[in-house]
Amino acid sequence: MNVGIIGSGGREHALCLKIKDSSLVKNIYCFPGNAGTSLIAKNIEIDIDNFKEIKKKALEKNITLLIVGPEKQLVNGIVDFFKNTNIKIFGPNKTASQLEGSKIFTKKLCKKYNIPTSKFEIFKNKDEAIKYLDNSTYPIVIKADGLASGKGVYICKSNDEAKDAVSEIFDGKFGKASCVLVEEFLNGEEMSYFIISDGKEYKSFQTAQDHKRVGEGDTGPNTGGMGSYSPSRLNNKNLEAKINKKIIEPTLAGLKKLNTEYVGFLYVGLMISNNEPYLIEFNVRMGDPECQTILPLLKSDLGEIILSCCNQSLSSQKIEWLYKKSLCIVLCSDGYPGEYKKKVIIKNTDNLNLQDGQYLIHAGTKYIDKDLYSYGGRVLNIVVTSNTFENSRKKALEILDKINWVNGFYRKDIGYNVINK
Ligand code: AMP
Ligand code: GLY
(Lines give C-alpha, C1' and ligand atoms only; values in the text may rest on other atoms or scores of the structure.)
(Ligands and ions follow the chains in the order given, each with its own letter.)
Protein backbone atom coordinates (compact mmCIF):
# COMPACT_ATOMS: atom_id res chain seq x y z
CA MET A 1 0.00 0.00 0.00
CA ASN A 2 0.97 3.66 -0.32
CA VAL A 3 1.08 5.49 2.99
CA GLY A 4 0.84 9.19 3.80
CA ILE A 5 2.37 10.65 6.96
CA ILE A 6 1.08 14.01 8.14
CA GLY A 7 3.50 16.34 9.94
CA SER A 8 7.06 17.59 9.61
CA GLY A 9 8.88 17.01 12.90
CA GLY A 10 11.21 14.44 14.39
CA ARG A 11 8.26 12.25 15.34
CA GLU A 12 7.14 12.07 11.73
CA HIS A 13 10.64 11.27 10.42
CA ALA A 14 10.86 8.49 13.03
CA LEU A 15 7.46 7.14 11.89
CA CYS A 16 8.62 7.34 8.29
CA LEU A 17 11.85 5.42 9.02
CA LYS A 18 9.95 2.61 10.75
CA ILE A 19 7.11 2.43 8.22
CA LYS A 20 9.69 2.16 5.44
CA ASP A 21 10.65 -1.29 6.83
CA SER A 22 7.07 -2.58 6.72
CA SER A 23 6.42 -5.50 4.38
CA LEU A 24 3.05 -3.93 3.51
CA VAL A 25 4.32 -0.53 2.42
CA LYS A 26 5.23 0.40 -1.13
CA ASN A 27 5.55 4.19 -1.32
CA ILE A 28 5.57 6.79 1.46
CA TYR A 29 4.42 10.39 1.05
CA CYS A 30 5.02 13.02 3.73
CA PHE A 31 2.74 16.01 4.17
CA PRO A 32 4.94 18.09 4.14
CA GLY A 33 7.85 16.21 5.83
CA ASN A 34 11.39 17.54 6.25
CA ALA A 35 14.86 17.06 4.77
CA GLY A 36 15.17 13.66 6.46
CA THR A 37 11.91 12.30 5.11
CA SER A 38 12.79 13.53 1.62
CA LEU A 39 15.59 10.94 1.55
CA ILE A 40 13.22 7.98 2.01
CA ALA A 41 9.79 9.28 0.96
CA LYS A 42 8.24 11.88 -1.32
CA ASN A 43 7.52 15.17 0.42
CA ILE A 44 4.35 16.97 -0.61
CA GLU A 45 4.40 20.70 0.15
CA ILE A 46 0.89 21.37 1.43
CA ASP A 47 -1.05 23.26 4.12
CA ILE A 48 -1.93 20.36 6.44
CA ASP A 49 -4.87 22.29 7.90
CA ASN A 50 -6.51 22.03 4.49
CA PHE A 51 -8.05 18.53 4.70
CA LYS A 52 -9.61 18.79 1.23
CA GLU A 53 -6.17 19.35 -0.33
CA ILE A 54 -4.76 16.37 1.60
CA LYS A 55 -7.60 14.21 0.29
CA LYS A 56 -7.04 15.38 -3.28
CA LYS A 57 -3.34 14.55 -3.09
CA ALA A 58 -3.98 11.23 -1.34
CA LEU A 59 -6.35 10.14 -4.11
CA GLU A 60 -3.92 11.30 -6.77
CA LYS A 61 -1.07 9.27 -5.21
CA ASN A 62 -3.23 6.23 -4.49
CA ILE A 63 -2.61 6.51 -0.74
CA THR A 64 -4.80 4.11 1.22
CA LEU A 65 -3.50 4.78 4.74
CA LEU A 66 -2.86 8.14 6.39
CA ILE A 67 -0.99 8.42 9.70
CA VAL A 68 -1.45 11.67 11.60
CA GLY A 69 1.53 12.85 13.68
CA PRO A 70 0.50 16.13 15.36
CA GLU A 71 -2.44 16.86 17.66
CA LYS A 72 -3.81 19.99 15.96
CA GLN A 73 -5.30 18.25 12.95
CA LEU A 74 -6.73 15.47 15.15
CA VAL A 75 -8.38 17.95 17.49
CA ASN A 76 -9.78 19.75 14.42
CA GLY A 77 -11.40 16.55 13.15
CA ILE A 78 -9.20 15.23 10.34
CA VAL A 79 -10.23 11.65 11.19
CA ASP A 80 -13.95 12.53 10.96
CA PHE A 81 -13.26 14.24 7.61
CA PHE A 82 -11.93 10.98 6.11
CA LYS A 83 -14.58 8.78 7.72
CA ASN A 84 -16.67 7.85 4.70
CA THR A 85 -13.85 7.65 2.19
CA ASN A 86 -11.73 4.74 0.97
CA ILE A 87 -8.71 6.19 2.72
CA LYS A 88 -8.00 4.71 6.15
CA ILE A 89 -6.71 7.16 8.69
CA PHE A 90 -4.91 6.32 11.93
CA GLY A 91 -5.69 8.54 14.90
CA PRO A 92 -8.58 9.45 17.22
CA ASN A 93 -11.66 11.30 16.03
CA LYS A 94 -12.65 14.81 17.10
CA THR A 95 -14.66 13.75 20.16
CA ALA A 96 -11.92 11.45 21.49
CA SER A 97 -9.23 14.04 20.71
CA GLN A 98 -10.72 16.30 23.35
CA LEU A 99 -8.62 14.22 25.76
CA GLU A 100 -5.81 16.53 24.62
CA GLY A 101 -7.81 19.39 23.10
CA SER A 102 -9.54 20.29 26.34
CA LYS A 103 -7.93 19.79 29.73
CA ILE A 104 -11.34 20.51 31.27
CA PHE A 105 -12.96 17.69 29.27
CA THR A 106 -10.33 15.32 30.68
CA LYS A 107 -10.61 16.60 34.24
CA LYS A 108 -14.39 16.14 34.17
CA LEU A 109 -13.96 12.62 32.81
CA CYS A 110 -11.50 11.88 35.64
CA LYS A 111 -13.97 13.15 38.22
CA LYS A 112 -16.86 11.16 36.78
CA TYR A 113 -14.93 7.86 36.64
CA ASN A 114 -12.76 8.30 39.71
CA ILE A 115 -9.50 8.37 37.73
CA PRO A 116 -6.59 9.40 39.97
CA THR A 117 -5.42 12.92 39.13
CA SER A 118 -4.69 16.16 40.99
CA LYS A 119 -7.59 18.04 42.62
CA PHE A 120 -8.73 20.92 40.46
CA GLU A 121 -11.01 23.94 40.16
CA ILE A 122 -12.22 25.66 37.00
CA PHE A 123 -12.72 29.45 36.93
CA LYS A 124 -14.59 31.37 34.28
CA ASN A 125 -13.28 34.79 35.32
CA LYS A 126 -10.15 36.38 36.70
CA ASP A 127 -11.63 37.77 39.94
CA GLU A 128 -12.98 34.42 41.10
CA ALA A 129 -9.66 32.73 40.29
CA ILE A 130 -7.70 35.38 42.18
CA LYS A 131 -9.96 35.12 45.23
CA TYR A 132 -9.33 31.36 45.29
CA LEU A 133 -5.58 31.83 44.85
CA ASP A 134 -5.45 34.20 47.84
CA ASN A 135 -6.55 31.30 50.03
CA SER A 136 -4.42 28.54 48.46
CA THR A 137 -1.22 26.81 49.46
CA TYR A 138 1.81 26.79 47.18
CA PRO A 139 3.20 25.55 44.84
CA ILE A 140 0.08 25.44 42.69
CA VAL A 141 -0.43 24.71 38.98
CA ILE A 142 -2.30 27.04 36.59
CA LYS A 143 -3.30 25.82 33.12
CA ALA A 144 -4.89 27.32 30.06
CA ASP A 145 -7.58 25.12 28.51
CA GLY A 146 -7.05 24.03 24.89
CA LEU A 147 -3.88 23.44 22.88
CA ALA A 148 -0.86 25.54 23.80
CA SER A 149 2.06 23.47 22.39
CA GLY A 150 3.06 22.45 25.90
CA LYS A 151 3.44 26.07 26.99
CA GLY A 152 0.11 26.80 28.71
CA VAL A 153 1.16 25.32 32.07
CA TYR A 154 2.53 27.39 34.96
CA ILE A 155 4.00 25.86 38.11
CA CYS A 156 3.62 28.76 40.55
CA LYS A 157 5.63 28.99 43.74
CA SER A 158 3.85 32.05 45.09
CA ASN A 159 0.54 33.87 45.06
CA ASP A 160 2.09 36.66 42.90
CA GLU A 161 3.30 34.18 40.26
CA ALA A 162 -0.11 32.52 40.21
CA LYS A 163 -1.93 35.84 39.74
CA ASP A 164 0.39 36.77 36.86
CA ALA A 165 -0.29 33.39 35.23
CA VAL A 166 -4.06 33.83 35.48
CA SER A 167 -3.78 37.34 34.00
CA GLU A 168 -1.63 36.15 31.11
CA ILE A 169 -4.13 33.41 30.26
CA PHE A 170 -7.21 35.67 30.44
CA ASP A 171 -5.30 38.35 28.49
CA GLY A 172 -5.16 35.87 25.61
CA LYS A 173 -1.55 34.64 25.63
CA PHE A 174 -2.77 31.23 24.39
CA GLY A 175 -5.73 32.49 22.37
CA LYS A 176 -9.14 33.54 23.63
CA ALA A 177 -9.63 32.05 27.10
CA SER A 178 -13.05 31.39 28.60
CA CYS A 179 -11.64 29.73 31.73
CA VAL A 180 -8.51 28.64 33.61
CA LEU A 181 -7.76 25.49 35.48
CA VAL A 182 -6.14 25.62 38.92
CA GLU A 183 -4.60 22.33 40.02
CA GLU A 184 -3.03 20.87 43.10
CA PHE A 185 0.74 20.38 42.63
CA LEU A 186 1.65 16.68 42.46
CA ASN A 187 4.90 15.45 43.98
CA GLY A 188 6.71 12.46 42.52
CA GLU A 189 8.56 11.47 39.36
CA GLU A 190 7.09 11.73 35.88
CA MET A 191 6.68 8.90 33.40
CA SER A 192 5.13 8.85 29.95
CA TYR A 193 3.18 5.70 29.20
CA PHE A 194 1.95 4.93 25.69
CA ILE A 195 -0.77 2.68 24.40
CA ILE A 196 -2.07 1.90 20.93
CA SER A 197 -5.76 1.17 20.45
CA ASP A 198 -8.08 -0.06 17.69
CA GLY A 199 -11.28 1.07 19.42
CA LYS A 200 -11.95 -2.37 20.89
CA GLU A 201 -8.61 -3.46 22.34
CA TYR A 202 -5.53 -1.65 23.48
CA LYS A 203 -1.91 -2.68 23.97
CA SER A 204 0.87 -0.94 25.79
CA PHE A 205 3.36 0.77 23.50
CA GLN A 206 6.37 1.41 25.76
CA THR A 207 7.31 4.02 28.33
CA ALA A 208 9.63 6.99 28.03
CA GLN A 209 10.62 10.19 29.72
CA ASP A 210 11.32 13.52 28.09
CA HIS A 211 13.14 16.61 29.35
CA LYS A 212 10.91 19.62 28.64
CA ARG A 213 12.98 22.45 30.12
CA VAL A 214 15.54 24.17 27.92
CA GLY A 215 18.39 24.18 30.44
CA GLU A 216 20.58 21.52 32.04
CA GLY A 217 19.27 20.19 35.35
CA ASP A 218 15.72 20.82 34.04
CA THR A 219 15.85 24.59 34.39
CA GLY A 220 14.53 27.51 32.32
CA PRO A 221 11.47 27.78 30.08
CA ASN A 222 9.48 24.84 28.75
CA THR A 223 10.14 23.61 25.21
CA GLY A 224 8.62 20.95 22.97
CA GLY A 225 11.24 18.56 24.41
CA MET A 226 15.05 18.73 24.53
CA GLY A 227 15.62 15.00 24.68
CA SER A 228 14.19 11.77 26.01
CA TYR A 229 14.95 8.20 26.94
CA SER A 230 13.06 4.91 26.81
CA PRO A 231 12.12 2.87 28.74
CA SER A 232 11.33 4.80 31.91
CA ARG A 233 13.15 3.54 34.99
CA LEU A 234 9.90 3.63 36.97
CA ASN A 235 7.85 1.06 35.11
CA ASN A 236 7.15 -2.37 36.56
CA LYS A 237 4.40 -4.98 36.10
CA ASN A 238 2.54 -3.92 39.22
CA LEU A 239 2.56 -0.21 38.24
CA GLU A 240 1.54 -1.04 34.66
CA ALA A 241 -1.45 -3.04 35.94
CA LYS A 242 -2.51 -0.07 38.08
CA ILE A 243 -2.19 2.38 35.17
CA ASN A 244 -4.30 0.14 32.95
CA LYS A 245 -6.97 -0.52 35.56
CA LYS A 246 -7.22 2.90 37.19
CA ILE A 247 -6.55 5.20 34.23
CA ILE A 248 -6.67 3.63 30.76
CA GLU A 249 -9.68 1.34 31.10
CA PRO A 250 -12.03 3.86 32.77
CA THR A 251 -11.01 6.49 30.18
CA LEU A 252 -11.74 4.20 27.22
CA ALA A 253 -15.00 3.09 28.86
CA GLY A 254 -15.91 6.75 29.49
CA LEU A 255 -15.42 7.53 25.80
CA LYS A 256 -17.66 4.57 24.88
CA LYS A 257 -20.40 6.12 27.05
CA LEU A 258 -20.06 9.19 24.84
CA ASN A 259 -20.73 6.90 21.87
CA THR A 260 -17.24 7.10 20.58
CA GLU A 261 -14.09 4.98 20.58
CA TYR A 262 -10.38 5.59 20.72
CA VAL A 263 -8.25 4.60 17.73
CA GLY A 264 -4.60 5.65 17.65
CA PHE A 265 -1.68 6.22 19.94
CA LEU A 266 -2.50 7.59 23.37
CA TYR A 267 0.21 9.32 25.37
CA VAL A 268 -0.48 9.17 29.08
CA GLY A 269 1.52 11.73 31.08
CA LEU A 270 1.80 10.48 34.66
CA MET A 271 3.18 11.49 38.02
CA ILE A 272 4.30 8.42 39.93
CA SER A 273 4.21 8.78 43.67
CA ASN A 274 5.09 5.73 45.82
CA ASN A 275 4.41 3.38 42.88
CA GLU A 276 0.92 4.94 42.44
CA PRO A 277 0.02 6.60 39.11
CA TYR A 278 -1.70 10.01 38.87
CA LEU A 279 -2.75 11.38 35.51
CA ILE A 280 -1.18 14.72 34.58
CA GLU A 281 -2.42 14.88 31.00
CA PHE A 282 -3.37 12.91 27.92
CA ASN A 283 -1.97 13.58 24.46
CA VAL A 284 -3.76 11.97 21.54
CA ARG A 285 -0.61 11.12 19.57
CA MET A 286 2.96 9.93 20.04
CA GLY A 287 5.28 12.21 21.96
CA ASP A 288 8.03 14.19 20.28
CA PRO A 289 10.89 13.35 21.05
CA GLU A 290 9.60 10.22 22.88
CA CYS A 291 8.60 8.65 19.54
CA GLN A 292 12.17 8.97 18.29
CA THR A 293 13.40 6.87 21.22
CA ILE A 294 10.55 4.33 21.26
CA LEU A 295 10.30 3.34 17.59
CA PRO A 296 13.95 2.21 17.23
CA LEU A 297 13.13 -0.38 19.94
CA LEU A 298 10.16 -1.82 18.03
CA LYS A 299 10.89 -5.22 16.47
CA SER A 300 7.42 -5.79 14.95
CA ASP A 301 6.10 -4.39 11.66
CA LEU A 302 4.67 -0.90 12.33
CA GLY A 303 2.67 -0.92 9.08
CA GLU A 304 0.92 -4.14 10.16
CA ILE A 305 0.27 -2.79 13.67
CA ILE A 306 -1.27 0.45 12.43
CA LEU A 307 -3.33 -1.27 9.76
CA SER A 308 -4.63 -3.72 12.36
CA CYS A 309 -5.85 -0.75 14.40
CA CYS A 310 -7.73 0.64 11.38
CA ASN A 311 -9.28 -2.82 10.84
CA GLN A 312 -10.07 -3.45 14.52
CA SER A 313 -7.84 -6.53 14.67
CA LEU A 314 -5.15 -5.36 17.09
CA SER A 315 -5.88 -8.25 19.48
CA SER A 316 -4.21 -10.76 17.13
CA GLN A 317 -1.23 -8.50 16.44
CA LYS A 318 2.10 -9.15 18.19
CA ILE A 319 4.06 -6.15 19.40
CA GLU A 320 7.65 -7.05 20.29
CA TRP A 321 10.47 -4.89 21.59
CA LEU A 322 14.26 -4.87 21.80
CA TYR A 323 15.49 -4.82 25.39
CA LYS A 324 17.85 -1.89 24.80
CA LYS A 325 18.22 1.58 26.28
CA SER A 326 17.29 4.28 23.82
CA LEU A 327 18.24 7.92 24.27
CA CYS A 328 17.64 11.01 22.13
CA ILE A 329 19.33 14.41 22.28
CA VAL A 330 17.71 17.27 20.37
CA LEU A 331 19.91 19.80 18.56
CA CYS A 332 18.16 23.20 18.62
CA SER A 333 18.66 26.58 16.97
CA ASP A 334 20.31 29.20 19.19
CA GLY A 335 17.58 31.24 20.90
CA TYR A 336 14.97 28.44 21.04
CA PRO A 337 12.35 28.37 22.60
CA GLY A 338 12.44 32.14 22.02
CA GLU A 339 13.37 33.83 18.74
CA TYR A 340 15.82 32.01 16.51
CA LYS A 341 17.24 32.37 13.01
CA LYS A 342 15.92 30.19 10.19
CA LYS A 343 17.67 28.98 7.07
CA VAL A 344 21.08 28.49 8.64
CA ILE A 345 23.34 25.94 6.91
CA ILE A 346 24.21 22.72 8.79
CA LYS A 347 27.34 20.96 7.62
CA ASN A 348 28.95 17.66 8.57
CA THR A 349 25.83 15.45 8.51
CA ASP A 350 26.78 13.45 5.43
CA ASN A 351 29.84 11.60 6.71
CA LEU A 352 28.79 10.64 10.22
CA ASN A 353 29.33 6.96 9.54
CA LEU A 354 26.43 5.95 11.79
CA GLN A 355 26.52 2.39 13.12
CA ASP A 356 23.64 0.01 13.86
CA GLY A 357 21.42 1.52 16.55
CA GLN A 358 22.48 5.10 15.77
CA TYR A 359 20.05 7.44 14.05
CA LEU A 360 20.03 10.97 12.71
CA ILE A 361 16.38 12.00 12.82
CA HIS A 362 15.46 15.33 11.27
CA ALA A 363 12.98 17.87 12.63
CA GLY A 364 13.05 21.48 11.34
CA THR A 365 15.27 20.95 8.30
CA LYS A 366 15.14 21.41 4.52
CA TYR A 367 17.52 20.70 1.69
CA ILE A 368 18.24 23.52 -0.70
CA ASP A 369 20.02 21.85 -3.58
CA LYS A 370 22.32 19.48 -1.74
CA ASP A 371 22.86 21.61 1.35
CA LEU A 372 21.03 21.09 4.63
CA TYR A 373 19.41 24.12 6.32
CA SER A 374 17.64 24.64 9.65
CA TYR A 375 13.99 25.69 9.45
CA GLY A 376 12.76 25.34 13.02
CA GLY A 377 13.62 25.59 16.71
CA ARG A 378 14.23 21.88 17.11
CA VAL A 379 16.43 20.85 14.20
CA LEU A 380 17.96 17.37 14.54
CA ASN A 381 17.52 14.41 16.89
CA ILE A 382 20.45 12.14 17.61
CA VAL A 383 19.13 8.78 18.82
CA VAL A 384 21.26 5.90 20.04
CA THR A 385 20.20 2.49 21.36
CA SER A 386 22.67 0.38 23.33
CA ASN A 387 22.90 -1.77 26.43
CA THR A 388 23.13 1.16 28.84
CA PHE A 389 21.75 4.71 28.90
CA GLU A 390 25.23 5.91 29.72
CA ASN A 391 26.64 4.43 26.55
CA SER A 392 23.74 5.70 24.45
CA ARG A 393 24.27 9.23 25.72
CA LYS A 394 28.04 9.06 25.26
CA LYS A 395 27.63 7.98 21.62
CA ALA A 396 24.94 10.61 20.95
CA LEU A 397 27.24 13.32 22.33
CA GLU A 398 30.10 12.07 20.14
CA ILE A 399 27.87 12.34 17.07
CA LEU A 400 26.81 15.88 18.06
CA ASP A 401 30.44 16.76 18.50
CA LYS A 402 31.15 15.63 14.95
CA ILE A 403 28.23 17.70 13.60
CA ASN A 404 29.62 20.68 15.53
CA TRP A 405 26.86 23.10 14.50
CA VAL A 406 27.98 26.47 15.80
CA ASN A 407 24.52 28.02 15.41
CA GLY A 408 22.83 25.53 17.71
CA PHE A 409 22.87 24.06 21.21
CA TYR A 410 21.82 20.90 23.02
CA ARG A 411 21.60 19.55 26.54
CA LYS A 412 24.46 17.29 27.57
CA ASP A 413 22.62 15.91 30.61
CA ILE A 414 19.67 14.09 28.98
CA GLY A 415 18.81 11.05 31.10
CA TYR A 416 20.76 12.29 34.14
CA ASN A 417 18.19 10.77 36.47
CA VAL A 418 18.76 7.28 35.01
CA ILE A 419 22.50 7.67 34.49
CA ASN A 420 23.75 9.22 37.70
CA LYS A 421 21.78 7.05 40.08
P1 AMP B 1 1.26 19.30 30.74
O2 AMP B 1 1.35 20.17 29.51
O3 AMP B 1 -0.09 19.23 31.38
O4 AMP B 1 1.97 18.00 30.56
O5 AMP B 1 2.22 19.98 31.82
C6 AMP B 1 3.57 20.25 31.53
C7 AMP B 1 4.42 19.85 32.69
O8 AMP B 1 4.01 20.55 33.86
C9 AMP B 1 4.28 18.37 33.07
O10 AMP B 1 5.11 17.56 32.30
C11 AMP B 1 4.68 18.41 34.53
O12 AMP B 1 6.09 18.48 34.62
C13 AMP B 1 4.14 19.72 35.01
N14 AMP B 1 2.81 19.57 35.64
C15 AMP B 1 1.60 19.69 35.06
N16 AMP B 1 0.61 19.49 35.96
C17 AMP B 1 1.21 19.26 37.14
C18 AMP B 1 0.73 18.99 38.47
N19 AMP B 1 -0.58 18.97 38.76
N20 AMP B 1 1.65 18.80 39.44
C21 AMP B 1 2.97 18.84 39.19
N22 AMP B 1 3.48 19.11 37.96
C23 AMP B 1 2.63 19.30 36.95
N1 GLY C 1 7.42 15.65 24.53
C2 GLY C 1 6.18 16.19 24.92
C3 GLY C 1 5.10 16.04 23.93
O4 GLY C 1 5.24 15.45 22.89
O5 GLY C 1 4.03 16.56 24.21
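Hydrogens, waters and symmetry mates are skipped; everything else that's a heavy atom, side chains included, is used. Just follow the structure's listing: the first ligand is 1, and inside any ligand the first atom is 1.
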Salt bridge or not for [X] and [Y], using N-O below 4.0 Å?
{"X": "Lys412", "Y": "Glu216", "answer": "no"}
{"X": "Lys107", "Y": "Glu183", "answer": "yes"}
{"X": "Arg393", "Y": "Asp413", "answer": "no"}
{"X": "Lys341", "Y": "Asp334", "answer": "no"}
{"X": "Glu320", "Y": "Lys299", "answer": "no"}

Given [options], which one has a non-hydrogen atom that is nearest to [atom]?
{"atom": "atom 3 (C) of ligand 2", "options": "Arg285, Gln209, Lys212, Met286", "answer": "Arg285"}
{"atom": "atom 3 (O) of ligand 1", "options": "Lys143, Gln209, Lys212, Glu190", "answer": "Lys143"}
{"atom": "atom 13 (C) of ligand 1", "options": "Ile155, Val141, Thr117, Asn222", "answer": "Ile155"}

| field | Point-to-point distance, once rounded to the nearest 0.5 Å, from CD1 of Ile19 to CD1 of Ile67 | value |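 It is 4.0 Å, given to the nearest 0.5 Å.
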| message | Below the 3.5 angstrom mark, is there an N/O of Phe185, backbone or side chain, next to an N/O of ligand 1? | response |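 Between Phe185 and ligand 1, no N or O pair is found under 3.5 Å apart.
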Please list, in number order, the atoms of ligand 2 under 4.0 Å from a heavy atom of [X].
{"X": "Gly224", "answer": "1 (N), 2 (C)"}
{"X": "Gly287", "answer": "4 (O)"}
{"X": "Tyr267", "answer": "2 (C), 3 (C), 4 (O)"}

| For atom 2 (C) of ligand 2, which protein heavy atom lies nearest, and how many Å away is it? |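 I find the closest protein heavy atom is Asp210 OD2, 3.3 Å.
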| said: Can you tell me how the ring of Tyr416 sits relative to the ring of His211, calling it parallel under 30°, perpendicular over 60° and tilted otherwise? | reply: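 It falls in the tilted class, 30° to 60°.
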| request: Take the angle between the ring planes of Phe174 and Tyr154 and call it parallel below 30°, perpendicular above 60°, tilted in between. | output: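 Because their plane-to-plane angle is over 60°, the rings of Phe174 and Tyr154 count as perpendicular.
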| Looking only at heavy atoms, is any part of Glu290 under 4.0 Å from ligand 2, and if so is it the side chain, the backbone, or both, or is it neither? |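 The answer is the side chain.
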Within the 4.0 Å heavy-atom shell around [X], which atoms of ligand 1 are there?
{"X": "Glu281", "value": "1 (P), 2 (O), 3 (O), 4 (O)"}
{"X": "Met271", "value": "21 (C), 22 (N)"}
{"X": "Ile280", "value": "3 (O), 15 (C), 16 (N)"}

